[in-house]
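Not measured: the values here are computed from a predicted model. Every chain is numbered from 1, with letters handed out A, B, ... down the list of sequences.
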Amino acid sequence: MTPSGAAAVKATFTGAAARAASDLDLVKLSKRGDRDAFGELVRRHQHIVYNVSYRFMRDSAMSEDMAQEAFVKAFRLLSGFRGDCSFSTWMYRVTCSVCLTELSRRKKRGEVALQPKHVGEQTVQPDENFDMPELVRRCVNMLPDRYATIMTLYYLQGVTYDEIAQVMDIPMGTLKTWMHRARKQLKKIVQKEIFSDA
Amino acid sequence: MRKEFDDIDLDALIEEALSAEPVRSAPIDFAARVDERLRVHALIERERARFRASMATLAVAVVAIIAGAGIFVGFTHLQSVMAYGAPGAKGALDYWANEFLRVAASYTGAYSLAFSLLLALAALGLVVVPWQLRRMRHH
């Protein structure tokens, strides 16, 4: 968008005009410190960012906090966004980085109980309280960071292989290899978690 | 029990668990909270810039005071101060003031050039100070 185009969007930056502007136009306005434009970007991408965050943190309050943190970080780093990928792809990268940093910080402080609570001889029984899918989802975070990231993004609706490769900044071949290894490793972890005390 | 789990196809279980995870909606006031956080962040940044400016001013002041004291001691000869106290130092200062006035009185150079230089410095100050203040406000 030309400077005059940005000015036009800015001049009528309410309601429909804001919604009609493309992500890149909004990014350009946000780079000049326009918080309204950034607010529109937040409204557009809040659900997907919240979902990425939730899949890492597995807790509503924490994931909301991390999603907010991701947007604040994005606003700060916006000048570094060159526009060579879509804003959503760039947001995935920022969100994953924020969540993984927080998880590793918590892990160092011993705050994260990565072991699912119900793993143990008594709780391994498949009773009605045993949430197997949740256990599997939690196991994803026990993978190394890069594998956890690609697995999380892969199972998010609407995220393509291309986008994941862009987020991770790796070629498609490498991504496929990583996916294969991540699945194998995840299977081992799930197996271990289920059978550890059985 | 172990047998029960052995019977499960782990690949299918993992696939099912991950792909069937429901998509959640962000809280209704999420965007407003992000905006609030950005506002707080901007305030923090502004305060940080102010703090940096204050510390820089303090550092300059400290350096200026130390340098001033150094120059004073240098001009007044520390040994005179030590030997004769304040009157000795004052005498040394009088000497330097008289020397300066003597040189200034006999100056026949370009007064307009000196005045122009002073004016240019003042103009530069008038541009730089508001610009710095504006930068601080934006940070």
Side-chain angles (χ1 to χ4, degrees), chain A residues 30 33 35-36 38-51 53-55 58 60-61 63-65 67-76 121 124-126 131-140 151-152 154-158 183-184 186-191 194-195 197-198, chain B residues 1-57 127-139:
Chain A
S30 305
R35 289 226 306 268
D36 291 336
F38 193 73
E40 178 59 25
L41 282 172
V42 172
R43 273 184 286 281
R44 282 183 193 182
H45 300 281
Q46 58 180 340
H47 297 299
I48 198 75
V49 167
Y50 178 73
N51 273 280
S53 177
Y54 186 87
R55 284 169 195 224
R58 316 268 5 137
S60 302
S63 44
E64 190 190 338
D65 193 38
Q68 286 177 11
E69 187 60 37
F71 277 115
V72 172
K73 191 175 178 188
F75 188 72
R76 267 177 31 224
E121 195 160 2
V124 126
Q125 297 171 23
D131 189 354
M132 180 68 88
E134 187 57 24
L135 182 138
V136 173
R137 289 167 199 154
R138 282 177 187 275
C139 286
V140 173
M151 287 296 272
T152 301
Y154 179 76
Y155 286 102
L156 263 184
Q157 285 175 7
R183 280 180 208 280
K184 263 175 74 176
L186 180 64
K187 193 175 168 182
K188 273 186 197 164
I189 292 171
V190 172
Q191 220 159 12
I194 294 174
F195 298 132
D197 295 319
Chain B
M1 183 175 57
R2 162 100 198 206
K3 192 173 179 314
E4 269 181 74
F5 277 109
D6 277 344
D7 291 342
I8 300 171
D9 178 358
L10 266 184
D11 286 319
L13 179 94
I14 291 169
E15 189 66 28
E16 171 65 19
L18 296 181
S19 53
E21 176 156 19
V23 177
R24 290 170 171 78
S25 291
I28 301 165
D29 57 350
F30 183 83
R33 287 191 195 183
V34 171
D35 192 54
E36 182 59 25
R37 248 169 121 144
L38 284 176
R39 202 180 61 78
V40 171
H41 175 74
L43 285 176
I44 290 170
E45 284 300 307
R46 191 185 298 177
E47 284 309 308
R48 199 169 282 164
R50 268 191 206 175
F51 179 74
R52 272 200 298 266
S54 309
M55 286 298 112
T57 312
V127 172
V128 168
V129 169
W131 177 68
Q132 277 292 341
L133 287 175
R134 192 170 165 271
R135 245 184 91 201
M136 271 171 60
R137 265 204 304 276
H138 281 277
H139 277 288

Original post:
Ignoring hydrogens and geometry, is there a side-chain-to-backbone donor-acceptor pair from A:H47 to B:S25 under 3.5 Å?
Top reply: no

**OP:** Provide the closest heavy-atom pair for A:P133 versus B:A17 in the form atom of the first, atom of the second, distance.
**Re:** CA-CB, 3.6 Å

Original post:
Which value, rounded to the nearest 0.5 Å, describes the distance between B:E21 atom CD and A:L156 atom CG?
Top reply: 8.5 Å

Original post:
Which residue out of A:T152, A:L186, A:V140, A:I48 racks up the most heavy-atom pairs below 4.5 Å with chain B?
Top reply: A:L186

**OP:** Heavy atoms only, distances under 4.5 angstrom: which of B:V34, B:V23, B:L18 has the most pairs with chain A? Name it, please.
**Re:** B:L18

**OP:** Identify, with sequence neighbours excluded, every residue that meets ring-ring contact (aromatic ring centres under 6.0 Å, His included) alongside A:Y155.
**Re:** none

Subject >> From CA spacing to verdict: salt bridge (Lys or Arg N to Asp or Glu O under 4.0 Å), A:D65, B:R37 >> reply: CA-CA 10 Å; A:D65 193 38; B:R37 248 169 121 144; 2.8 Å; yes

Original post:
Among A:Q46, A:R137, A:E69, which residue forms the greatest number of heavy-atom pairs with chain B at distances under 4.5 Å?
Top reply: A:R137

Original post:
Looking at side-chain heavy atoms only, is the closest gap between A:R183 and B:E15 below 4.5 Å?
Top reply: yes

Original post:
What pair of heavy atoms forms the shortest contact from B:L13 to A:V136, and how long is it?
Top reply: CD2-CG2, 3.8 Å

Original post:
Minimum heavy-atom separation for B:P22 to A:N51, with atom names?
Top reply: O-OD1, 4.1 Å

**OP:** Report yes if the side chains of A:R43 and B:F30 come closer than 4.5 Å at any heavy-atom pair, otherwise no.
**Re:** no

Subject >> Criterion side chain to side chain contact (heavy atoms under 4.5 Å, CB included) on B:D35 and A:D36, from CA distance to verdict >> reply: CA-CA 9 Å; B:D35 192 54; A:D36 291 336; 5.9 Å; no

Original post:
By ring-ring contact (aromatic ring centres under 6.0 Å, His included), which residues pair with A:Y50, not counting sequence neighbours?
Top reply: none

Original post:
Is there a side-chain contact between A:Q191 and B:L10, using heavy atoms and a 4.5 Å cut-off?
Top reply: yes

Original post:
Between A:E64 and B:R24, is there a side-chain N and carboxylate O pair less than 4.0 Å apart?
Top reply: no

